[in-house]
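Letters A, B, ... mirror the listed sequences (proteins, then strands); counts begin at 1.
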Number of protein chains: 2
Amino acid sequence: MADARVTSPNPGNPADARVDGSDLITDIEFLVARVRALGSRAANGALAPLGLRVRQYAVLSLACGSISPTQRDLAEFLELDPSQVVAVIDDLQASGLVERTQDPRDRRVNIVQATPHGRSVYAEARVAIAAAREQSLHKLTTEERATLTELLLRVAF
Amino acid sequence: MADARVTSPNPGNPADARVDGSDLITDIEFLVARVRALGSRAANGALAPLGLRVRQYAVLSLACGSISPTQRDLAEFLELDPSQVVAVIDDLQASGLVERTQDPRDRRVNIVQATPHGRSVYAEARVAIAAAREQSLHKLTTEERATLTELLLRVAF
DNA sequence: TATTGTTATACTCTATAACTATA
DNA sequence: TATAGTTATAGAGTATAACAATA
């Protein structure tokens, strides 16, 4: 480890000042957890008027894609247990945003697709999410956001 | 948005292939959530033999620092509700890893400090966490890790 | 009157195991 | 025998509100 003693980026904050000096502040996992906590709180707030949460948003997004994922695909891609996917899709289906269709070639698998109403809600949700993201990432330039995306992508898959 | 249609970084994975084409894959919040899910799962696994979870590890880390944070400081820094901090510290105190000491200047506040045993356990935990981190970040060079840390730090605070 | 820590409650997320229907 | 989806359950994480002690 290069440098365990780091200055807080926000010395005006008394809470930051008091915990300054901990090596936690250079711990990528801690930083990721903190950014996730802030980000998903903001995203859930932005999605609340649409009756969605981030999980539902993620599944709806994939169901709006051109690929028509199975429930298993969704579980793997979203790092969820298949049983959790069931609950999210039950929820989205009850709201009329997605549909399950049995794959005729293998009747065990369900293909998940967005309804027209689902696509319309997703379009609104994207706008809401983008606004929240702009708020969260306002300190980063466009280039820095691209770099961050690229690095996270390499770690994520 | 520059380019919503992106190729999966891992075309060999059938799940990735099927959901490929979704704009979710360029969504920083989604990537952060996925990296966090993978990272905290790995970290919790690495900490399990020590009887810790990531939350307890974070509080213990700060309690081992030179600053002696109050419970309020911990809540703000870790983005936890003060009532959640109570539960984590109860847990760590029951294991003899940290102690609460009343601030003589303001008897409402508790200062949280690691015990000698807590410092010893923390030293072991750091090693375990570092090994898990090496696994999670093996695709990134040292320079890239530093860049990722710096960018996350700017978003986190 | 405001703040620190605390208790209580409810809801969401996560992890696991067992079951069914298909293959 | 193995896989996709489902049900059930328990434990951890998250969000709120109310309270006692202290300032």
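- Within the structure, a side-chain polar atom (N or O) of A:Arg36 is placed less than 4.0 Å from OP1 or OP2 of D:dT14.
- Remark: the B:Thr70 side chain and the C:dT4 base include no donor-acceptor N/O pair separated by less than 3.5 Å.
- Comparing C:dT7, C:dT4, D:dT6 by their nearest atom to the side chain of B:Val109 picks out C:dT4.
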Determine, stepwise, if the pair A:Leu97 / A:His117 fulfils side-chain contact (heavy atoms from CB on, under 4.5 Å).
CA-CA 6 Å; A:Leu97 303 180; A:His117 180 227; 3.5 Å; yes
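- Take the nearest nucleotide of DNA chain C for A:Asn44 and for A:Arg107: the residue whose nucleotide is more 5' is A:Asn44.
- Residue-to-nucleotide proximity on DNA chain D shows that, of B:Asp106 and A:Arg100, the 5′-proximal contact is made by A:Arg100.
- Put simply, CD on B:Gln71 is 13 Å from C1' on C:dT3, counting in whole angstrom units.
- Residue contacts for A:Asn110: at a heavy-atom cut-off of 4.0 Å it reaches the sugar-phosphate backbone alone, with no base atom in range.
- Rounded to a whole Å, the CD atom of A:Glu76 is 10 Å from the P atom of D:dG5.
- Along DNA chain C, the nucleotide nearest to B:Arg41 and the one nearest to B:Pro82 differ in position, and the one closer to the 5' end is contacted by B:Pro82.
- Between B:Tyr122 and B:Tyr57, the ring planes lie tilted relative to each other; the angle falls in the 30° to 60° range.
- Not a single donor-acceptor contact under 3.5 angstrom links the side-chain atoms of B:Arg55 to the base of D:dG13.
- Regarding B:Asp90, its CG atom lies at a distance of 16 Å from the C1' atom of D:dA12, rounded to whole Å.
- Donor-acceptor pairing under 3.5 Å, judged by distance alone, is present between the side chain of B:Arg108 and the base of C:dT3.
- What separates CD of B:Gln102 from P of D:dA23 is a distance of 8 Å, to the nearest Å.
- Note on A:Asp81: a base of the nucleic acid sits closer than 4.0 angstrom, heavy atoms only.
- Atom-to-atom, CG of A:Asp103 to P of C:dT22 comes out at 13 Å; the value is rounded to the nearest Å.
- Put simply, A:Gln84 has no side-chain N or O that comes within less than 4.0 Å of OP1 or OP2 on C:dT12.
- Within the 3.5 Å criterion, the main-chain N or O of B:Val88 finds no donor-acceptor partner in the side chain of B:Arg55.
- Side chain of A:Arg34 to main chain of B:Leu153: no donor-acceptor pair is present (N/O by atom type, distance under 3.5 Å, no hydrogens or angles).
- Looking at A:Arg72, its side chain never comes within 3.5 Å of a backbone N or O of A:Pro82 through a donor-acceptor pair.
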